[in-house]
Amino acid sequence: RTAASVDAELKSLCAQVEACRKCPLGSQRLHPAFGVGSSSADVLFIGEGPGFEEDRQGEPFVGKAGQLLDKILASIGLKRQTVYIANVVKCRPMIDPTDPEKRGNDRPPSPDELEACRTYLEAQIRLVRPRFIVALGGVAAKTLLRTEDGIMRLRGRWHEFDPGGGLAPIPLLPTFHPAALLRNEDWKRDVWTDMKNLKKAMENES
Ligand code: SF4
Ligand code: URA
């Protein structure tokens with residue numbers, strides 16, 4: 001495994017996602033948001049799915065929630081170029097797919113869509129092999145940990161993600177989704193606690 005071979009495999013995976021029609025979202029979206037950042041990142045941040053802006057730009061977390069995520073990263077000295085950022089589904093889920101321009105048209109991915117897209121995220125994780133995963137919000141946390149527990153229960157503690165392929169489990173920290181912070185300021189404290197926790201873990205093991 002070299003950095004170049006990992007990059008090449010990520011590129012080919014991205015091409016597969018671009019051609020993917022495994023679920024209905026594939027023919028509704030403008031652009032998939034495959035992932036962004038460093039293929040040798042220590043930390044992988046995983047959100048829910050692309051929204052309006054992400055669908056246009058083909059990159060995760062570039063809208064309002066993304067700007068807040070950039071600030072959260074900066075608070076512990078990280079940048080979107082040095083971590084890796086992806087979503088549990090690569091194509092934008094819409095409430096009304098016939099009207100992509102409509103405001104408030106985003107929705108969470110369905111269980112079928114999550115299942116259909118899962119292989120891409122798992123392949124991405126096995127390629128990047130991050131030391132830590134941060135699940136942003138309940139949908140990402142539940143999907144990755146295969147649990148029905150909600151974000152209130154899961155956040156603030158380390159869990160383990162099993163990447164398969166004979167690789168060791170990866171410590172996974174669930175925290176609130178940045179979009180949730182835009183609605184409820186009270187959760188900012190908790191996210192700050194979680195980011196300090198992440199930073200400490202990164203320093204301990206490097
Ligand atoms: Fe394929 Fe995932 Fe897009 Fe569905 S959301 S079409 S599974 S890439
Ligand atoms: N919300 C997400 O979960 N992911 C994005 O990429 C953008 C907003």
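Note that ligands are numbered from 1 as they come in the structure, with each ligand's atoms numbered from 1 the same way. Numbers here simply count residues along the sequence, with the first being 1.
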Phe132 and Trp158 aromatic ring geometry - parallel, tilted or perpendicular at 30°/60° bounds:
tilted

Let me confirm one number: the CZ-CE distance from Phe52 to Met94, rounded to the nearest 0.5 Å.
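Answer rounded to 0.5 Å: 10.5 Å.
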
Euclidean distance, Tyr120 OH relative to Asn87 CG, rounded to 0.5 Å
15.5 Å

Run the side chain to side chain donor-acceptor pair (under 3.5 Å) check on Thr98 and Asp96 step by step: do they pass?
CA-CA 5 Å; Thr98 66; Asp96 177 3; 2.5 Å; yes

Looking at [Y] and [X], is there a salt bridge between them, counting it only when a charged N and a carboxylate O are closer than 4.0 Å?
| X | Y | result |
| --- | --- | --- |
| Glu48 | Lys142 | no |
| Glu115 | Arg118 | no |
| Glu18 | Arg29 | no |

Does ligand 2 have a heavy atom under 4.0 Å from the side chain of Glu48, from its backbone, from both, or from neither?
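Both backbone and side chain.
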
Who's the nearest protein heavy-atom neighbour of [atom], and how far?
| atom | value |
| --- | --- |
| atom 4 (N) of ligand 2 | Asn87 OD1, 2.8 Å |
| atom 3 (Fe) of ligand 1 | Cys91 SG, 2.4 Å |
| atom 4 (Fe) of ligand 1 | Cys23 SG, 2.4 Å |
| atom 1 (Fe) of ligand 1 | Cys20 SG, 2.3 Å |

With heavy-atom distances below 4.0 Å as the criterion, list the atoms of ligand 2 near [X].
| X | answer |
| --- | --- |
| Gly47 | 3 (O) |
| Pro60 | 6 (O) |
| His177 | 1 (N), 2 (C), 3 (O) |

Is there a nitrogen or oxygen of Ala65 sitting under 3.5 Å from a nitrogen or oxygen of ligand 2?
no

Gly49 N/O under 3.5 Å from ligand 2 N/O:
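In this structure, Gly49 places an N or O atom under 3.5 Å from an N or O of ligand 2.
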
Within ligand 1, which atoms have a heavy atom of Ala116 less than 4.0 Å away?
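Taking each heavy atom of Ala116 in turn, ligand 1 has 7 (S) under 4.0 Å.
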
With heavy atoms of Gly26 as the reference, note each atom of ligand 1 found under 4.0 Å away.
6 (S)

Ignoring hydrogens and angles, state whether a donor on the side chain of Lys22 or Gln16 is under 3.5 Å from an acceptor on the partner side chain.
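Looking only at side-chain atoms, Gln16 and Lys22 do not form any donor-acceptor pair under 3.5 Å.
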
Give a yes or no on whether Cys117 keeps an N, O or S atom under 2.8 Å from atom 2 (Fe) of ligand 1.
yes

Given Asp190, which of Lys196, Arg157, Arg155 fulfils the salt bridge (charged side-chain N to carboxylate O under 4.0 Å, His left out) condition?
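Among Lys196, Arg157, Arg155, the one that satisfies the salt bridge (charged side-chain N to carboxylate O under 4.0 Å, His left out) with Asp190 is Arg155.
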
